[in-house]
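What follows is one structure encoded as structure tokens, with my remarks underneath.
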Amino acid sequence: MDQEYQRAVTRICVETALLLLQHGAESAVVVQMAQRLGVALGIESVECALTANAVLLTTLSKQHCITTVRKNVDKGINMQMVTDVQRIVIAVEHHLYDLEIAQRKLDQLKPLKYNRWLVVFMIGLSCAAFAHLSGGDWVICGITFVAAAIAMFVRQEFSKRHYNPLIVFSITSFVASLISGVSLKYNLGNDPQIALASSVLLLVPGFPLINSLADILKGYVNMGLGRWTIATILTFGACLGIVFALSVLPVSYT
């Protein structure tokens, strides 16, 4: 194996790891996929180290090592991208793709984006469903739907302009709580507090929290703590927005 081929394999392995990490895959999957791809392409050994901001990867072939580093920029959770990358790796393992085809397939991957209005509607509907499951009547469900849908629209607008996630979560929870807090102020529905609690469920960082626990249990403590810290900060931002909204609305806390 010549060094040029090893460099190409190193490049595709680190790009694979980076794509998986950027779109929300857990650390064990990221490392495993990079190692499997390298071995399938003829590399003796692939070592991968992850941090919150970078991917460090080394390939070993005939006592020759090549190490490369890529900066990690979060691109949002997208399981379609994670699945497509895994399919490419599996195809290489089954000798359906060689290095050139695999690289081309990897370069052609594009995240699937749902229609934003469909996302707004479904987020409002899901939060309204939570309100119904919590015992809210149709008035509470309607208020929750409106509050969550408008809050999701606000979140999309601020995210599109690349605002800090903490600011995005704070403003989104403020808008949702301000709208749903009307039911608490005027005592609408059978239990106005359900609307207030359900309308901000779209901000629960469940995926990062699950990944952080999975990373810690599987030995990737640094990555797990990093993801847990980010999820905690985002939750704190959402709580700030709720507190500010309740401060604006002269409601009773009893």
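Atoms considered below: every heavy atom in the structure, side chains included; atoms not considered: hydrogens, waters and symmetry mates.
Residues V85 and L106 have side chains in contact (heavy-atom distance under 4.5 Å, counting atoms from C-beta outward). Under the 4.5 Å side-chain criterion, counting only non-hydrogen atoms from C-beta, Y5 is in contact with L41. Here the side chains of Q86 and V29 are in contact, with some heavy-atom distance below 4.5 Å. Side-chain contact between P205 and T235 is present, with at least one heavy-atom pair separated by less than 4.5 Å. Between R11 and R70, some side-chain heavy-atom pair lies under the 4.5 Å cut-off. Side-chain contact between D74 and I230 is absent, with no heavy-atom pair separated by less than 4.5 Å. Side-chain contact between K105 and R87 is absent, with no heavy-atom pair separated by less than 4.5 Å. Counting heavy atoms from C-beta on, the side chains of V139 and I143 come closer than 4.5 Å.
Closest non-hydrogen pair, R155 versus T172, comes out as CB-OG1, 3.4 Å. What you find for A195 and T144 is that their closest heavy atoms are CA-OG1, 3.3 Å. Smallest separation of non-hydrogen atoms from P192 and S183: CB-O, 3.3 Å. Annotation for V55 and A17: closest pair CG1-CB, 3.9 Å, computed over non-hydrogen atoms. The shortest heavy-atom contact between I66 and H64 is CG1-CE1, 3.5 Å. Smallest separation of non-hydrogen atoms from S177 and A245: CB-CB, 3.4 Å.
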Decide side chain to side chain contact (heavy atoms under 4.5 Å, CB included) for I150 and V175; before the verdict, give the C-alpha distance in whole Å, the side-chain angles of both, and the deciding distance to 0.1 Å. CA-CA 8 Å; I150 295 176; V175 172; 4.0 Å; yes
Give the intermediate values and the outcome of side chain to side chain contact (heavy atoms under 4.5 Å, CB included) for residues Q6 and E44. CA-CA 10 Å; Q6 186 178 352; E44 295 176 9; over 6 Å; no
Side chain to side chain contact (heavy atoms under 4.5 Å, CB included) assessment of K71 paired with N53: CA-CA 6 Å; K71 181 180 179 181; N53 299 318; 5.6 Å; no
CA sep, side-chain torsions, deciding dist, call: S27, R227, side chain to side chain contact (heavy atoms under 4.5 Å, CB included): CA-CA 11 Å; S27 300; R227 283 174 164 170; 4.0 Å; yes
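Grouping the Ile, Leu, Val, Met, Phe, Trp and Tyr side chains by contacts below 4.5 angstrom, directly or via other members, places V204 apart from M152. Grouping the Ile, Leu, Val, Met, Phe, Trp and Tyr side chains by contacts below 4.5 angstrom, directly or via other members, places F145 with V154. Under the 4.5 Å side-chain heavy-atom criterion for ILVMFWY residues, a single connected hydrophobic cluster contains both F153 and Y114. V31 is connected to M33 through a chain of hydrophobic side-chain contacts under 4.5 Å among Ile, Leu, Val, Met, Phe, Trp and Tyr, so both are in one cluster.
Under the side chain to side chain contact (heavy atoms under 4.5 Å, CB included) test applied with L50, the options L56, L57, V30, N222 reduce to a single match, V30. For the side chain to side chain contact (heavy atoms under 4.5 Å, CB included) criterion with V14, the lone passing option out of V9, T68, T59 is T68. Of the candidates T16, N72, V73, L21 forms a side chain to side chain contact (heavy atoms under 4.5 Å, CB included) with just one, namely N72.
Taking the six-membered ring wherever Trp is involved, the centroid distance between the rings of F244 and F174 does not fall below 6.0 Å.
S134 contributes atom OG, which lies 10.5 Å from atom CD1 of I140 (distance to the nearest 0.5 angstrom). One distance of note links NZ of K75 with CG of L19; it measures 7.0 Å at 0.5 Å rounding. Rounded to the nearest 0.5 angstrom, I171 CD1 and L166 CG are separated by 10.0 Å. A distance of 9.0 Å separates CG in L37 from CD1 in I88, rounded to the nearest 0.5 Å. Interatomic distance, CE of M223 versus CD1 of I216, reported as 11.0 Å (0.5 Å rounding). Atom CD1 in I101 sits 9.0 Å away from atom CG in L96 (nearest 0.5 Å).
Note on D107 versus R104: no salt bridge recorded, every NZ/NE/NH1/NH2 to OD/OE distance being 4.0 Å or above.
Environment of OH in Y97: sparse, with no more than 12 heavy atoms of neighbouring residues, nucleotides or ligands closer than 6.0 Å. Around OH of Y220, the count of heavy atoms belonging to other residues, nucleotides or ligands within 6.0 Å exceeds 12. Counting non-hydrogen atoms of other residues, nucleotides and ligands closer than 6.0 Å to CD of E100 gives a total of 12 or fewer.
A donor-acceptor pair is defined here as one N or O able to donate and one able to accept, closer than 3.5 Å; no such pair exists between the side chain of D215 and the backbone of W228. Under the 3.5 Å distance criterion, the side-chain polar atoms of S159 are left unmatched by any main-chain donor or acceptor of Q156. Side chain of S173 to backbone of S170: a donor-acceptor contact under 3.5 angstrom is found.
The aromatic rings of Y163 and F158 sit perpendicular, their planes meeting at an angle over 60°, well past the 30° parallel limit.
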